[in-house]
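Some notes on the structure that comes next.
Given the structure is predicted, the values throughout are model-derived calculations rather than measurements. In each ligand, atom 1 is the first atom listed, and ligand 1 is the first ligand listed. Along the sequence shown, residues are numbered consecutively beginning with 1.
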Amino acid sequence: MLSVSLSRLQNRVLALARFGALPGGGVTRMCWSPPYEEARTWLLGELKTAGLATWVDPAGNVFGGLGVEGLRSATPVVLTGSHIDTVPEGGILDGALGVLAGLECLHVIRESGTRIARPLAVAAWSDEEGRYGSLFGSRAFCGRLDAAAIPKMAAVDGDRLVDAMGRAGFDATRATEAAAPRGSVAAYVELHIEQGPRLEEAGVPIGVVEAIVGVRRTRLVFHGQADHAGTTPMERRRDAFLAAAEYALKARELVVTRGGPRAVTNIGVVQIHPGASNIVPGRAELVHEMRDPDAGVLERLARECDALAREVAATRGIRVELRPMSATTPAPCAPRVQSTIEAACASLGLASRRLYSAAGHDAQNLAGVTESGMIFIPSRGGKSHRVDEMSDWDAIERGANVLLHTLLRLAA
Ligand SMILES: [Zn+2]
């Protein structure tokens, strides 16, 4: 039975981890940054070494093809992939595993001379982590990118997407041209670390994803009044930070009590202006994110949180601005892809369990254009988006072999 080379996969995982490596472990490799661009060049080299055709689309997505040199071929392609960008101070496996395992699968299929009825390709989607826009590359590929929004897309620090892509040699305004022709993808399957504790706790080696959560991000700007922090009487203060703080606590309560059992919420960005200990905060900005696998629940929570922000601001006599940043739709995975993954597991003698993904993934965009699915492997301690994110190498090998046999079945 055909199997991946763990040592080759391991070497590539460790080689990719050097781009943007941090002294204490982990990696910061945000999309379009110099370490990302170096990693992208390295990846193109590895794809060529594996004997694959390579191409890069106008959204910066990198592809390696076996039996195909682009997505205009008459026979629809079976696609795999993930992303090689990371969050700041992220781990070495989130995204990287799916790209490099996909590359290894195509490498071993080509080397072995295994006959496949459909062409195969592996993709590295740009800006999955959303420094400039969540799931950017796969959105462009799936025709879900709004051309009018591109000039306004920017990172939290204000760096504009058009400038970042320009530095990397791309014209961001042409990213929508990356949209794949209708019917050009036969199926999509992505291998990823679980990024949560469920598989490890259950002692199950493989997760078969049933649905991927939708993620909504909103920037809330509370406009109060900056004042002298010593001389302004307490009752006259219009403190923007206190409004933001009240919202933060009440929004959490709202999502936990009014959301579904899987709803989660986070406020990970807080900025206070002018930001001095002797000035009453005149302006406070929050980025509020929430997730749920049910589209209806997610929309209702978003509406209720918006209403809450207005209510908190009104009772404190200040103004709030609500700026939607991004919203991804929850996506169910294709039953055929799920059952194919399970059949691959069975053929390898591996137990599997169905679960939903609490993290957003490129596979949710692909679900809009083809039959899409995901394979999860356990994350050590359930840790992810942190420098000590890791999975056991034998778990990685098992996941890569499940991907290999899923791809072979989908391409048969
Ligand atoms: Zn990821």
Side-chain angles (χ1 to χ4, degrees), residues 9 12-13 16-17 19-20 26-33 35-36 39-40 43 59-62 79-103 122-142 188-199 206-209 211-215 217 264 266 268 289 291 293 326 328 330-331 333 355-367 372-380 382-391 395-396 399-400 403:
L9 176 55
R12 285 190 179 125
V13 167
L16 179 55
F19 300 98
V27 58
T28 295
R29 191 170 59 234
M30 290 186 284
C31 202
W32 315 117
S33 67
Y36 179 83
R40 208 165 58 79
L43 176 63
N61 299 315
V62 172
L79 195 58
T80 183
S82 196
H83 57 97
I84 61 165
D85 63 316
T86 74
V87 292
E89 298 179 24
I92 66 167
L93 291 180
D94 177 0
L97 174 66
V99 173
L100 298 177
L103 159 57
V122 55
W125 308 110
S126 53
D127 206 8
E128 193 270 352
E129 299 291 2
R131 174 162 159 76
Y132 302 90
S134 227
L135 310 177
F136 175 80
S138 58
R139 256 199 290 161
F141 181 84
C142 297
Y188 178 76
V189 60
E190 176 170 349
L191 173 66
H192 207 283
I193 53 169
E194 182 200 342
Q195 306 182 277
R198 291 165 298 173
L199 288 175
I206 300 293
V208 182
V209 178
I212 302 164
V213 293
V215 186
R217 292 195 188 111
V264 292
N266 186 51
E289 179 189 278
R291 302 169 188 236
S326 60
T328 60
C333 291
L355 38 68
Y356 70 93
S357 169
H361 292 291
D362 296 304
Q364 74 200 55
N365 283 328
L366 273 295
S372 178
M374 291 190 82
I375 302 163
F376 276 179
I377 60 161
S379 293
R380 252 186 226 162
K383 297 171 194 165
S384 184
H385 280 194
R386 44 191 278 178
V387 296
D388 56 353
E389 160 191 289
M390 200 51 204
S391 295
I396 288 172
L403 177 65

**Prompt:** Taking the Zn ion (ligand 1) as the centre, how many protein N/O/S atoms fall inside a distance shorter than 2.8 Å?
**Reply:**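 My tally for this metal is 3.
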Please examine the side chains of [Y] and [X], heavy atoms only from C-beta on, and report whether any two atoms are closer than 4.5 Å.
| X | Y | result |
| --- | --- | --- |
| Leu199 | Ile377 | no |
| Phe136 | Asp85 | no |
| Pro293 | Val213 | yes |

**Item:** Lys383 with Glu389: basic N within carboxylate O range, under 4.0 Å
**Value:**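 Salt bridge absent between Lys383 and Glu389.
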**Message:** For Glu190 and Ser82, which I'm curious about, is there any donor-acceptor pair between the side chains at under 3.5 Å?
**Reply:**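 Yes.
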**Message:** Let's go through Val209 and Phe376 carefully: what are the C-alpha distance in whole Å and the side-chain angles of both, what is the deciding distance for side chain to side chain contact (heavy atoms under 4.5 Å, CB included) to 0.1 Å, and is it a yes or a no?
**Reply:** CA-CA 7 Å; Val209 178; Phe376 276 179; 3.7 Å; yes
